[in-house]
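Taking it in order: structure first as structure tokens, then the write-up.
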Amino acid sequence: MSSGQQLDEPKEQGPMSTVDFHFDPMCPFAYQTSIWIRDVRSQLGITVDWRFFSLEEINREEGKKHPWERDWSYGWSLMRIGALLRRTDMSLLDRWYAAIGHELHDLGGKPHDPGVARRLLGDIGVGGSVLDAALADPTTHDEIRVDHQRVVDAGGFGVPTLFMGGQYLFGPVLVDPPTGPDALKLWGVVTGMAELPHVYELQRPKSPADADLIAQSLRP
């Protein structure tokens, strides 16, 4: 090898090289964490498989309709569209989540409005008819329920939820997602915790100043 040649950076290998990332598109914390995991993916070449979880369902009050019992149900319906896209290619769901997350959490838009959802489908290169097809296919409900129940069965209650290396983790909860070297530092913390199955909790208490920061950071 000549002095001018450089070795490629090693890609992430082993059981932590694939992450199942459960999200609800309406959750700002999950979206912030998705920005971080995308940065890690770009650096290490890990695989991120997007999975669903419904905050509408987990927080449903007794006597209220389940989200699948409504004609249109905000995050649930957006995930039904995502489920149909995922059947074709995970990369389509990847682009869909990025588009609706940016519209809602960065721009303050309303991807959960059917008209806006149709526009965003066009923006990612698929037709708005995908929305109609997803809502007409009852099996899209089933796919979300399966993903959602996986988290519930593991003892989960919210998002972001990660499954990696045979372990389940809630978080990391972020409001200013690290990028570059700092993203990899956090990746080391997360994978390190996943490799130690009897480490159950690591939490940073929030001060009043932290609460103010979170409120400001998550305001589109």
Side-chain angles (χ1 to χ4, degrees), residues 8-60 67 75-76 79 82-83 86 90-91 93-94 97-98 101 105 142-207 210-211 213-214 217-218:
D8 292 336
E9 289 293 323
K11 298 297 185 180
E12 182 75 12
Q13 299 293 329
M16 301 299 173
S17 62
T18 298
V19 180
D20 284 357
F21 188 118
H22 288 254
F23 72 94
D24 183 310
M26 305 301 289
C27 178
F29 294 108
Y31 176 65
Q32 296 300 317
T33 305
S34 77
I35 295 173
W36 162 72
I37 201 72
R38 290 174 189 275
D39 190 272
V40 173
R41 180 177 64 184
S42 72
Q43 296 187 70
L44 296 182
I46 65 171
T47 298
V48 180
D49 288 336
W50 303 104
R51 307 294 178 187
F52 305 118
F53 182 82
S54 175
L55 294 174
E56 294 169 89
E57 175 61 16
I58 201 72
N59 294 318
R60 184 183 64 90
W76 186 273
M79 290 188 287
R86 186 173 64 180
M90 182 66 77
S91 68
L93 175 54
D94 184 276
Y97 182 29
H105 302 296
D142 300 333
E143 289 190 34
I144 301 170
R145 279 193 290 257
V146 168
D147 282 0
H148 178 90
Q149 193 61 42
R150 180 194 190 193
V151 175
V152 173
D153 289 346
F157 52 85
V159 288
T161 290
L162 310 180
F163 286 85
M164 52 198 303
Q167 296 296 316
Y168 148 81
L169 297 174
F170 172 71
V173 177
L174 309 171
V175 295
D176 185 14
T179 59
D182 285 344
L184 297 187
K185 286 181 184 178
L186 179 56
W187 176 249
V189 172
V190 172
T191 55
M193 188 166 180
E195 290 171 353
L196 298 168
H198 296 144
V199 177
Y200 298 108
E201 189 169 335
L202 177 67
Q203 186 173 16
R204 187 196 308 271
K206 300 180 186 67
S207 69
D210 290 324
L213 173 65
I214 291 169
S217 298
L218 299 186

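Every residue two or more places apart in sequence or in another chain that forms a salt bridge (Lys or Arg N to Asp or Glu O under 4.0 Å) with R145 is listed here: D142. Listed by chain and residue number, V175, L213 satisfy the side-chain contact (heavy atoms from CB on, under 4.5 Å) test with S217 (two or more places apart in sequence, or in another chain). With sequence neighbours excluded, the residues that form a salt bridge (Lys or Arg N to Asp or Glu O under 4.0 Å) with E57 are R60. Applying the side-chain contact (heavy atoms from CB on, under 4.5 Å) rule to P28 yields the partners H105, L218; only residues at least two apart in sequence or on another chain are considered. Partners of D210 under the salt bridge (Lys or Arg N to Asp or Glu O under 4.0 Å) rule, at least two apart in sequence or in another chain, do not exist in this structure. Partners of Y97 under the ring-ring contact (aromatic ring centres under 6.0 Å, His included) rule, at least two apart in sequence or in another chain, are F23, W50. Residues that satisfy the side-chain contact (heavy atoms from CB on, under 4.5 Å) test with Q167, not counting sequence neighbours, are A194, P197. Annotation: side-chain contact (heavy atoms from CB on, under 4.5 Å) contacts of V173 (sequence neighbours excluded): F29, F170.
For the side chain to side chain donor-acceptor pair (under 3.5 Å) condition, the pairs that include at least one residue of residues 25-38, sequence neighbours left out, are Y31-D106, R38-D94. Screening residues 148-161 for side chain to side chain donor-acceptor pair (under 3.5 Å), with sequence neighbours left out, gives D20-R150, H22-R150, Q149-D153. Screening residues 161-174 for salt bridge (charged side-chain N to carboxylate O under 4.0 Å, His left out) gives no qualifying pairs among residues at least two apart or on separate chains. Sorted by first and then second residue, the salt bridge (charged side-chain N to carboxylate O under 4.0 Å, His left out) pairs involving residues 184-207 (not counting sequence neighbours) are D182-K185.
Closest heavy-atom contact between A183 and Q43: CB-NE2, 3.9 Å. Nearest approach of A83 to F52, heavy atoms of both residues: N-CZ, 3.5 Å. When all heavy atoms of D24 and F53 are compared, the closest pair comes out as CB-O, 3.2 Å. Contact detail for V151 and F157: the closest heavy-atom pair is CG1-N, 4.3 Å.
Taking 4.5 Å as the limit, some side-chain heavy atom of R51 sits within range of a side-chain heavy atom of R86. V48 has its side chain out of reach of V40: every pair of non-hydrogen atoms, C-beta onward, lies at least 4.5 Å apart. Side-chain contact check for V190 versus M164: some heavy-atom pair is nearer than 4.5 Å. For the pair I144 and D147, the minimum side-chain heavy-atom distance is 4.5 Å or more. Counting heavy atoms from C-beta outward, L162 and P172 have side chains that approach closer than 4.5 Å. For the pair D49 and F163, the minimum side-chain heavy-atom distance is 4.5 Å or more. For the pair W187/I37, a side-chain contact is recorded, criterion being any heavy-atom separation below 4.5 Å from C-beta on.
Note that CD1 of I46 is 9.5 Å distant from OG1 of T191, once rounded to the nearest 0.5 Å.
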